[in-house]
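Notes to accompany the following structure.
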Number of protein chains: 2
Amino acid sequence: MTVRGPRAREGGARGAVPEGYDPHAFEPFAVTVDLAVFTVREGVLHALLIRRGQEPYAGAWALPGGFVLPRESTDLAARRELAEETGLPDDLVAGLHLEQLRTYSDPDRDPRMRVVSVAYTALVPDLPEPHGGGDAAHAEWVAFGSYGHLAFDHAEILADARERIGAKLEYTCLATSFCPPEFTLGELQQVYETVWGTVLDRPNFRRKVLATPGFVEQVAGASRLTGGRGKPAALHRAGPATALHPPLLRPEGRQT
Amino acid sequence: MTVRGPRAREGGARGAVPEGYDPHAFEPFAVTVDLAVFTVREGVLHALLIRRGQEPYAGAWALPGGFVLPRESTDLAARRELAEETGLPDDLVAGLHLEQLRTYSDPDRDPRMRVVSVAYTALVPDLPEPHGGGDAAHAEWVAFGSYGHLAFDHAEILADARERIGAKLEYTCLATSFCPPEFTLGELQQVYETVWGTVLDRPNFRRKVLATPGFVEQVAGASRLTGGRGKPAALHRAGPATALHPPLLRPEGRQT
DNA sequence: CGCCTTTATAGTCATGTTGACCATTAAGGG
DNA sequence: CCCTTAATGGTCAACATGACTATAAAGGCG
């Protein structure tokens, strides 16, 4: 990029800084981050949302987020907002997978002023309620799709995020981010089924996961009853691998 | 996102607009677009670059790009800048594949002021020189890697863009964007080999491409000599398909 | 004109992965 | 003690892939 007043394009080479350039001379852009945070709860995909109190869109759900501070990268702002708005412990937030989705910049996406927003996606395991008890935690888990109209263009962001995550599950080991530190292969499979909205064959899923070196590691000796019924499942934890080669493709290109 | 002065975070619910909010009250962010435009020329990947005339980074190569105008989305800004800086005909630019890469926001990425830049990637066929003759076309094709230090964080952007494109070739039909309207399968294969920096088996590549419905369509009757020598190749054009199922994976996860 | 080189195109074959199954094991519930 | 449930262990055919070999059609060259 180049610093140059937006109206100062006199055909010069890119990078010309007009003398006397004044950052305050034109209507500024506000830069914000929006967070599309997902978890899987009892087999249902949930997003972290906040109920808006003010116009516009008062009463509607909205994504957590906020302004990028003057000396902050958007990555940092996203992590800070996530910690603030969820009340999750800092060390947990520090370890979360947080990924830039894309930037939304329609001039009219906020009716009040020009706001360019960088959207991020995070995957978190099913946690106790997000309120940490402090004043900053108003976020709630809402089942995907079971909200009315979201504020601003947040419905589009959330849909894009879900699609991106679904795609990433195919060729990365990201699914373990949805799981607690120790999990069963059945729980891991449910992550895939929930995000993709499909049903997978259990033995085949198992075969694929175990055949990928470093995807999961078996926890020696431990096992857990899935809820009382059935044979207890072996516990696993996430392995060091991050990519899935070859990918685990979702059956036929259908979405939910 | 939400409109709220960056220092106005008094623990209120997200979306609180402090009364008397003044968009000019704080140091504004500048928002720009940067373009990572690639083509394949004689088997070598080239990027579209501009030679900087001013400090900082005077004399260094930089990506084309510029400010987002007050009433413009970044998508629109990217396409406008591409047309302006390359001098390519508008209708050609309108049809190009232009994709948002990601947003770069390090507070110090521009030493002069706070600039958040949304990077875009475009793939274009090998065209005559980019200068349209007008004053606006200073961009030049430079072989990938054969430049010194790029200005700002543009080296990182360009590397990210190349990696993204390489990945997209695996599971989309995007490779045809690098080719002229009619092309041989050998030319298409060279796109893959150039971007990936690998060599592919010709019969296998051919089998895979032809087995994917809608990837390419044979142009009836036509054929072209590849340069005089050898059997003339059948001509193809891009088909309606956009995704590649199953993907065409690059051999072993090595980069150039 | 014939032979060599070059490039496109057509197969072949062994291997690995996937999808669709069936079988067994280990728990809880009546 | 049998039934249900869920995890786990297999089989088998279809398909996709990687490594090759073979043929066809052009130009170059003696």
Which listed nucleotide (D/dT8, C/dT9, C/dT6) is nearest to the side chain of B/A234? C/dT9
Give a yes or no on whether a salt bridge exists between B/D201 and B/R206, defined as a side-chain N under 4.0 angstrom from a carboxylate O. no
Between the side chains of A/R250 and A/E163, is the shortest nitrogen-to-carboxylate-oxygen separation below 4.0 Å, so that they form an ion pair? yes
Check the distance between D/dA16's P and B/N204's CG and give it to me in whole angstrom. 14 Å
From the set C/dG11, C/dA26, D/dG9, return the single nucleotide nearest to any side-chain atom of A/P203. D/dG9
B/Q218 CD to C/dA8 C1': how many Å, rounded? 12 Å
Classify the side chain of B/R207 versus the base of D/dG18 as yes if they form a donor-acceptor pair under 3.5 Å and no if they do not. yes
Contacts to DNA chain C from residues 237-244 of chain A, heavy-atom cutoff under 4.0 Å, which residues? none
Charged tip of A/R162 within 45° of A/F144 ring normal and under 6.0 Å: yes
Counting only N and O atoms by type, is there a donor-acceptor contact under 3.5 Å from the side chain of A/H46 to the main-chain atoms of A/V44? yes
Let me know the distance between NZ of A/K208 and P of C/dA20, rounded to the nearest Å. 16 Å
Do B/T172 and B/L244 come within less than 4.5 Å of each other through their side chains, counting heavy atoms only? no
Closest approach of A/W141 and A/V124, non-hydrogen atoms and distance? CH2-CG2, 3.5 Å
Please assess B/F152 against B/L63 for the test side chain to side chain contact (heavy atoms under 4.5 Å, CB included), listing each intermediate value before the final yes or no. CA-CA 9 Å; B/F152 307 106; B/L63 295 179; over 6 Å; no
Whole angstrom is fine here: how far is it from CZ in B/R206 over to C1' in D/dT23? 13 Å
Quick one: A/K231 NZ to C/dG29 P, roughly how many Å, whole number? 19 Å
5' priority, DNA chain D, between B/P246 and B/D201 [closest heavy atom]: B/P246
Rounded to the nearest Å, what distance is computed from the CZ atom of residue A/F205 to the C1' atom of nucleotide D/dG10? 19 Å
Check the distance between C/dT18's P and A/R202's CZ and give it to me in whole angstrom. 19 Å
Can you measure A/H245 atom NE2 to C/dG16 atom C1' for me and round it to whole angstrom units? 16 Å
